[in-house]
Enquirer: 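Pasting a structure below so you can have a look.
Quick note on labels: first sequence line is chain A, next is B, and so on, each numbered from 1.
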Number of protein chains: 2
Amino acid sequence: MKIPRPTVKRLGLYYRCLSNYREDGVDFVSSQDIAEKLNIKPSQVRKDLSYFGEFGKRGLGYDVKKLLNEIAHIIGVNKEWNVAIVGAGNLGSALTSYPGLSKHKFRVVALFDNNQQKIGKKVSGITVYDISDLERTVNELKIEIGVIAVPEFAAQHVAELLEKSGIKGIVNFAPVRLRTNVPVEDVDITLSFETIAYNVVKKSSLDLLDTSND
Amino acid sequence: MKIPRPTVKRLGLYYRCLSNYREDGVDFVSSQDIAEKLNIKPSQVRKDLSYFGEFGKRGLGYDVKKLLNEIAHIIGVNKEWNVAIVGAGNLGSALTSYPGLSKHKFRVVALFDNNQQKIGKKVSGITVYDISDLERTVNELKIEIGVIAVPEFAAQHVAELLEKSGIKGIVNFAPVRLRTNVPVEDVDITLSFETIAYNVVKKSSLDLLDTSND
DNA sequence: GTAGAATTGTGAATAACATCACTAACATCA
DNA sequence: TGATGTTAGTGATGTTATTCACAATTCTAC
């Protein structure tokens, strides 16, 4: 069956939400509980989950641990993923020690750069390799996910290197649309600032002009 | 008029795309040119722009500089935005020197933290203030956008402080849904990794099983 | 064990968004 | 100058995503 893209995005949210419930020692939750936390409709939660199976008990809700396990399987975080970050600059370094990744089964095992000054050094305990060693290292360390944390002009080139090295998926922090055959997920920081700027401007013009017609 | 959310997101993409064209000395572009770069349909580009006015010339296309200027006005980057980053950890520090921001009219003018060791020091030339000075500094430096780069557990609290300090919009890097009255834009790094994991798993199961029924 | 309350799962209805297909406008060149 | 080619703008149409509304199931209390 075809799964709506927004549904896939929300699975991650459910996963985190349920993790929190489990940490709090909660055993059962309703679609309404989840929906309130995430600021969406309960019917959305139920519909999303229903694409993958019947995980709940009518009258009772969802068994937190069981559902967590199901979602982990669906989004593939029931196993560890080895991650390589290309670009050992500020952003790449920050990601290397980002707690959100290690906490959720994403293990950064290598950094890559083309700056000879950086190569061989360690960042948060992770070795910086020469970008020309990409293919060999990806194979040796069984790396499946690549992260692009290089400047815009180098991003497409790096994407092609990653693809050629046999990587399975890319998380791209550079502000370009990559052309590849492997799945790409864009994290567009600048775009988020521009979006918030738009919303701030819009909100203040609405606040001024209550008799709005725009 | 009500502008579709996806359209707003794409405005930022158009803006960047046109900036590149301008840097390359291109004077006129067609909706098709833009669409190819961004991997979308030309009709999408035209429809999006049409929400805001008639910026093109039939038979010729769009004047790059003129359209750039129009979009800059629409998304509000015709002026500089002062930005404060809360959380002077790895991520906050990386954002402080992120070139994509300064390049596009977002100026980081202050960092905030609650760690006494960091307060008073500078990161990439930007002073780290005590979080308790937030309200005063936001007013003094005319800060309009706040960035949340603190751990999950502190995010909601920081959001409330930011709101109280009079900030107009928030870019949130913590993996929580914030409850505020100011516009929030989430940059959910972990979620992107989970999404890519899902897509990798899906793709490899499809590759294996060509006679798929899922 | 039965009534009543809670909650899921899901077809149907609605809403949001993307694309098509056509007209109007402009440019170029013979 | 008229014929031809290009491209924007836009109502109509198609597609995707969300929400509703209700039957089916389970729990709780007495």
Enquirer: For atom NZ of B:K164, decide whether the heavy atoms of other residues, nucleotides or ligands shown that lie under 6.0 angstrom number more than 12.
Expert: no
Enquirer: Can you measure B:F55 atom CZ to D:dT7 atom C1' for me and round it to whole angstrom units?
Expert: 17 Å
Enquirer: Would you mind reading off the distance between B:D63 atom CG and C:dA25 atom C1', rounded to a whole angstrom?
Expert: 17 Å
Enquirer: Find the distance B:F28:CZ to C:dC26:C1' and express it as a whole number of Å.
Expert: 11 Å
Enquirer: Would you kindly give the CD-to-C1' distance between B:Q44 and C:dC20, to the nearest whole Å?
Expert: 12 Å
Enquirer: Have a look at B:S30 and say if it touches a base, only the backbone sugar-phosphate, or nothing, with a 4.0 Å heavy-atom cut-off.
Expert: sugar-phosphate
Enquirer: If only side-chain N and O atoms of B:R10 are considered, is one of them under 4.0 Å from the OP1 or OP2 phosphate oxygen of C:dA18?
Expert: yes
Enquirer: For C:dG9, does either OP1 or OP2 sit under 4.0 Å from a side-chain N or O belonging to A:Y62?
Expert: yes
Enquirer: Does the pair B:K9 and B:E185 meet the rule for a salt bridge (charged side-chain N to carboxylate O under 4.0 Å, His left out), with working shown?
Expert: CA-CA 11 Å; B:K9 291 245 120 180; B:E185 193 64 27; 2.8 Å; yes
Enquirer: Looking only at side-chain atoms of B:S50, point me to the closest of D:dA8, D:dT10, C:dC17.
Expert: D:dT10
Enquirer: Can you see whether A:S93 engages A:N90 through a side-chain donor-acceptor pair at a distance of less than 3.5 angstrom?
Expert: no
Enquirer: With both distances kept under 3.5 Å, what pairs with D:dT18, Watson-Crick or G-U wobble?
Expert: C:dA13
Enquirer: Which residue lies toward the 5' end of DNA chain D, A:I40 or B:D33, if each is placed at its nearest nucleotide?
Expert: B:D33
Enquirer: Checking base pairs now: Watson-Crick or wobble, both atom distances under 3.5 Å. What partners C:dA30?
Expert: D:dT1
Enquirer: Can you tell me which nucleotide in C:dC17, C:dT19, D:dC27 comes closest to the side chain of B:P6?
Expert: C:dC17
Enquirer: Under 6.0 Å from the six-membered ring centre of A:Y21 and within 45° of its axis: does the NZ or CZ of A:K37 meet both?
Expert: yes
Enquirer: Is there a donor-acceptor contact under 3.5 Å from the side chain of B:N199 to the main chain of B:T195?
Expert: yes
Enquirer: Closest to the A:K41 side chain: D:dT10, D:dT18, D:dC20?
Expert: D:dC20
Enquirer: Quick check on DNA chain D: between A:K57 and A:T7, whose nearest nucleotide comes earlier from the 5' end?
Expert: A:T7
Enquirer: Starting at atom CD of B:Q32, determine the distance to atom C1' of D:dG9, rounded to an integer number of angstrom.
Expert: 16 Å
Enquirer: Rounded off to whole Å, could you give me the OH-to-P distance for the A:Y51 and C:dG9 pair?
Expert: 14 Å
Enquirer: Once you apply a heavy-atom cut-off of 4.0 Å, does B:G56 come out as touching a base, just sugar-phosphate, or nothing?
Expert: sugar-phosphate
Enquirer: Between A:R46 and A:S31, what is the shortest heavy-atom contact and its length?
Expert: NH1-OG, 3.2 Å
Enquirer: CD of A:E54 versus C1' of C:dT8: gap in Å, rounded?
Expert: 9 Å
Enquirer: I need the CG-C1' distance between B:D48 and C:dC17, as an integer number of Å.
Expert: 10 Å
Enquirer: Taking the minimum atom-to-atom distance to the side chain of A:R46, which one of D:dG11, D:dC22, C:dC20 wins?
Expert: D:dC22
Enquirer: Distance criterion of 3.5 Å, no angle test: do you see the side chain of A:R58 paired donor-to-acceptor with the base of C:dT8?
Expert: yes
Enquirer: Has A:S31 got a side-chain N or O lying under 4.0 Å from the OP1 or OP2 atom of C:dT7?
Expert: no
